[in-house]
Amino acid sequence: QLDLVESGGGLVQTGESRRLSCTASRGTLDLYAIGWFRPAPWKEREGISCISASGSTTKYADSVKGRFTASRNDSKTTSWLVMTSMKPEDTAVYYCAAYWSLACPGWGVAPYHWGQGTQVTVSS
């Protein structure tokens with residue numbers, strides 16, 4: 001069993017940074033690639049980043065590439081998403097999710113388990 005809890009959301013100013021955390025309140029993350037998602041106009045949730053189970057591979061959506069960075073800790077319980085140079089269009093509920101895979105799959109693959117989400121609001 002795996003339970004994911006996101007934290008770190010809140011209100012930020014345009015251009016500022018924010019770090020989101022995805023913590024396993026039950027279970028560990030070492031067998032899962034971890035993705036971060038947010039709603040998009042064309043779909044319920046858009047994948048914006050993924051980090052492999054080992055942490056050696058990451059990928060990002062074009063909308064956040066160069067601004068967001070995913071990482072994870074050696075204790076296998078937490079993954080982070082550091083968001084920099086934030087824009088008002090980054091305002092969203094951010095969800096982390098675990099893939100039933102060590103490697104990051106294609107964006108169209110559904111994750112195995114979702115967190116409950118954390119709201120990030122970027123003011124202009």
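Just so we're clear, the structure is a prediction, and the values are computed from it rather than from any experiment. Along the sequence shown, residues are numbered consecutively beginning with 1.
Using a 4.5 Å heavy-atom cutoff, the side chains of S52 and R72 are not in contact. Taking the side chain as every heavy atom from C-beta outward, R67 and D90 approach each other to under 4.5 Å. Looking at heavy atoms from C-beta onward, T77 lies out of side-chain contact with L29 at the 4.5 angstrom threshold. In this structure the side chain of I48 reaches within 4.5 angstrom of the side chain of L81, judged on heavy atoms. Looking at heavy atoms from C-beta onward, Q119 lies in side-chain contact with T121 at the 4.5 angstrom threshold.
F37 and V120 fall into different hydrophobic clusters, where Ile, Leu, Val, Met, Phe, Trp and Tyr side chains are chained together by heavy-atom contacts under 4.5 Å. One hydrophobic cluster, built from ILVMFWY side chains closer than 4.5 Å, cannot hold both V5 and I51; they sit in different ones.
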>> Apply salt bridge (charged side-chain N to carboxylate O under 4.0 Å, His left out) to residues K76 and D30 and explain how you reach the verdict.
In response: CA-CA 5 Å; K76 307 178 179 67; D30 52 326; 5.3 Å; no

> Given R26 and Q1, is the side-chain contact (heavy atoms from CB on, under 4.5 Å) satisfied, shown in steps?
Replying inline: CA-CA 7 Å; R26 182 169 57 170; Q1 286 286 358; 3.7 Å; yes

> Are W100 and Y32 close enough, and set up right, to give a ring pair (Phe, Tyr, Trp, His ring centres under 6.0 Å), and what steps lead you there?
Replying inline: CA-CA 6 Å; W100 194 250; Y32 308 98; 5.7 Å; yes

>> Using side chain to side chain donor-acceptor pair (under 3.5 Å), reason through S56 and S54 one step at a time and then give a plain yes or no.
In response: CA-CA 5 Å; S56 62; S54 67; 2.8 Å; yes

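With rounding to the nearest 0.5 angstrom, the SG atom of C50 is 5.5 Å from the OH atom of Y99. Residue R18 holds its CZ atom at 7.5 Å from CE of M83, rounded to the nearest 0.5 Å. A distance of 4.5 Å separates OG in S63 from CZ in R38, rounded to the nearest 0.5 Å. Atom OG1 of T91 sits about 8.5 Å away from atom CG of L11, to the nearest 0.5 Å. Atom OH in Y95 sits 13.5 Å away from atom CG in L4 (nearest 0.5 Å).
Residues satisfying the side-chain hydrogen bond (donor to acceptor under 3.5 Å, both in side chains) test with K87, not counting sequence neighbours, are none.
Closest approach of S79 to W36, counting heavy atoms only: O-CZ2, 4.1 Å. T78 and S21 make their closest contact through CG2-CB, 4.3 Å (heavy atoms, listed as atom of the first residue, atom of the second, distance). Scanning all heavy atoms of the two residues, the minimum distance from S124 to P88 falls at CB-CG, 3.9 Å. Heavy-atom minimum distance, Y94 versus L20: CB-CD1, 3.6 Å. Contact detail for N73 and W80: the closest heavy-atom pair is CB-CH2, 3.3 Å.
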For residues 102-117, tabulate all N or O donor-acceptor pairs below 3.5 Å that involve a side-chain atom, not counting sequence neighbours.
| unit_1 | atom_1 | unit_2 | atom_2 | d |
| --- | --- | --- | --- | --- |
| H113 | NE2 | L2 | O | 2.9 |
| Q116 | NE2 | E6 | O | 3.3 |
| Q116 | NE2 | E6 | OE1 | 3.4 |

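The number of heavy-atom neighbours closer than 6.0 Å to CD of E89, taken from other residues, nucleotides and ligands shown, is above 12.
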